[in-house]
Amino acid sequence: MASTGTTAAAVPEVTLRSGNGKPMPMVGMGTASFPVVHEAVRDAVLAAIEVGFRHFDTAFLYGTEKPLGDAVAEALRRGLLRSREELFVTSKLWCSQTHADLVLPSLRETLENLQMEYVDLYLIHWPVCLRPAGGPPKFPNRKEDAVPLDVAGVWRAMEECQRLGLARAIGVSNFTTRHLDKVLAIAAVPPAVNQVELNPAWQQRTLRAYCADRGVHVAAYSPLGGQNWDGRGNAVLDSEVLAEIARARGKTVAQVALRWIHEQGVTCIVKSYNRERLKQNLEIFDWELTDDDRLKISHIPQRKVVEASGLFSQEGEFTSVDPAELNIVEE
Ligand SMILES: NC(=O)c1ccc[n+]([C@@H]2O[C@H](COP(=O)([O-])OP(=O)(O)OC[C@H]3O[C@@H](n4cnc5c(N)ncnc54)[C@H](OP(=O)(O)O)[C@@H]3O)[C@@H](O)[C@H]2O)c1
């Protein structure tokens with residue numbers, strides 16, 4: 001990991017291997033929240049900018065591109081930012097858009113939503129392809145909507161987005177090592193980032209080692225265990241192991257989780273709409289865990305939370321993200 005400087009809140013940054021834009025701050029604010037309340041998202045992003053966030057994560061799926069764009073426009077009006085250049089903004093191509101001829105128009109729609117000339121990072125949200133559908137994504141995915149994913153065609157269209165300067169860097173999300181094998185085999189511009197579920201209760205050791213070997217930077221979503229996505233509680237915020245470490249360090253459980261992720265060289269994409277918690281989530285850079293803390297964390301039972309049940313179900317075309325099932329088109 002190459003650290004190249006700091007943001008307003010002294011957040012370390014990483015230079016992305018194949019990006020031609022600015023370095024990525026190693027903590028970003030997540031904006032996925034359901035249902036989406038435009039004003040709530042806009043106000044939270046404004047609060048985040050005020051406390052020092054300069055990295056924002058959205059997606060066509062979330063419906064938060066517009067409120068994020070409105071917040072940035074308002075921050076510029078208020079003088080909280082001098083220019084949009086100060087921000088690192090990520091968005092994602094949804095599964096009904098993973099068709100070679102839909103990538104560029106989808107990014108243009110995203111840019112219109114964001115009121116921006118470019119995104120800093122554009123990701124393929126899932127290694128899944130659904131029949132094109134106008135309007136907002138619908139759930140659950142129906143069996144008849146699933147179609148083969150043309151990885152090579154879609155990735156070349158992503159490369160074109162970067163060549164045109166509309167995406168400063170391009171990458172993937174929810175890709176396993178086997179999906180990455182397929183992209184890396186055909187890529188002229190390798191993915192700069194793989195954004196995946198990662199936290200002390202889902203540590204992704206194999207994937208991290210694979211990505212480190214190949215220069216793909218890893219970003220962690222649901223770093224605090226997510227928003228009860230599987231209805232089974234929170235394996236991170238409710239962890240007794242993390243709570244004990246937090247008490248000993250005089251930190252919160254959330255800070256211990258984020259600090260552990262940071263120490264793995266991984267970028268945290270963390271969602272909070274609360275000013276105090278937003279602030280807290282940036283205060284992880286001037287202290288460290290001990291070897292004993294790290295050992296205890298390495299023994300935390302592992303549990304994946306994001307099952308994407310709207311995409312994968314026993315009744316649907318895909319029961320899991322296993323590439324053997326995803327019907328990826330080979331060249
Ligand atoms: N690529 C993908 O497929 C994918 C999938 C899921 C998520 N994501 C991205 O990753 C982002 C983060 O993941 P996530 O939204 O699943 O969940 P998360 O960041 O792990 O956790 C968010 C939850 O923790 C709470 N929280 C935040 N800071 C806290 C603190 N300091 N102390 C206690 N609680 C705290 C938040 O509530 P409050 O708002 O009340 O603080 C929220 O309910 C998303 O918003 C999205 O941008 C990407």
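Reckoned from all heavy atoms, side chains included, excluding hydrogens, waters and symmetry mates. Ligands are counted one by one from 1 in listed order, and the atoms in each one are counted from 1 as well.
Rounded to the nearest 0.5 angstrom, Lys92 NZ and Gln195 CD are separated by 4.5 Å.
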Identify the protein atoms, limited to N or O, that lie within less than 3.5 Å of an N or O atom of ligand 1, and list each pair with its distance to 0.1 Å.
from	atom 1	to	atom 2	distance (Å)
ligand 1	1 (N)	Ser173	OG	2.8
ligand 1	1 (N)	Gln195	OE1	2.9
ligand 1	3 (O)	His125	NE2	3.3
ligand 1	3 (O)	Asn174	ND2	2.8
ligand 1	8 (N)	Tyr62	OH	3.3
ligand 1	13 (O)	Ser222	N	3.0
ligand 1	15 (O)	Gln227	NE2	2.7
ligand 1	16 (O)	Ser222	OG	2.7
ligand 1	16 (O)	Trp229	NE1	2.7
ligand 1	19 (O)	Lys271	N	2.9
ligand 1	20 (O)	Pro223	N	3.2
ligand 1	20 (O)	Leu224	N	2.7
ligand 1	20 (O)	Gly225	N	3.4
ligand 1	20 (O)	Gly226	N	3.0
ligand 1	28 (N)	Asn281	ND2	3.1
ligand 1	31 (N)	Gln280	OE1	2.7
ligand 1	31 (N)	Asn281	OD1	2.8
ligand 1	39 (O)	Lys271	NZ	2.7
ligand 1	39 (O)	Tyr273	N	2.9
ligand 1	40 (O)	Arg277	NH2	2.9
ligand 1	41 (O)	Ser272	OG	2.6
ligand 1	41 (O)	Arg277	NE	2.7
ligand 1	41 (O)	Arg277	NH2	3.4
ligand 1	45 (O)	Thr31	N	3.3
ligand 1	45 (O)	Ala32	N	3.0
ligand 1	47 (O)	Thr31	N	3.3
ligand 1	47 (O)	Asp57	OD2	2.7

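Checked for salt-bridge contact, Glu240 and Arg247 meet the test: a charged N lies under 4.0 Å from a carboxylate O. Using a 4.0 Å cut-off between charged nitrogen and carboxylate oxygen, Arg84 and Asp120 count as a salt-bridge pair. A salt bridge between Arg259 and Asp293 is absent, with no side-chain N of the basic residue lying under 4.0 Å from a carboxylate O of the acidic one.
A side-chain N or O of His38 and one of Asp70 form a donor-acceptor pair less than 3.5 Å apart.
Residues Leu207 and Trp202 fall into different hydrophobic clusters, defined by Ile, Leu, Val, Met, Phe, Trp and Tyr side chains chained together at heavy-atom separations under 4.5 Å.
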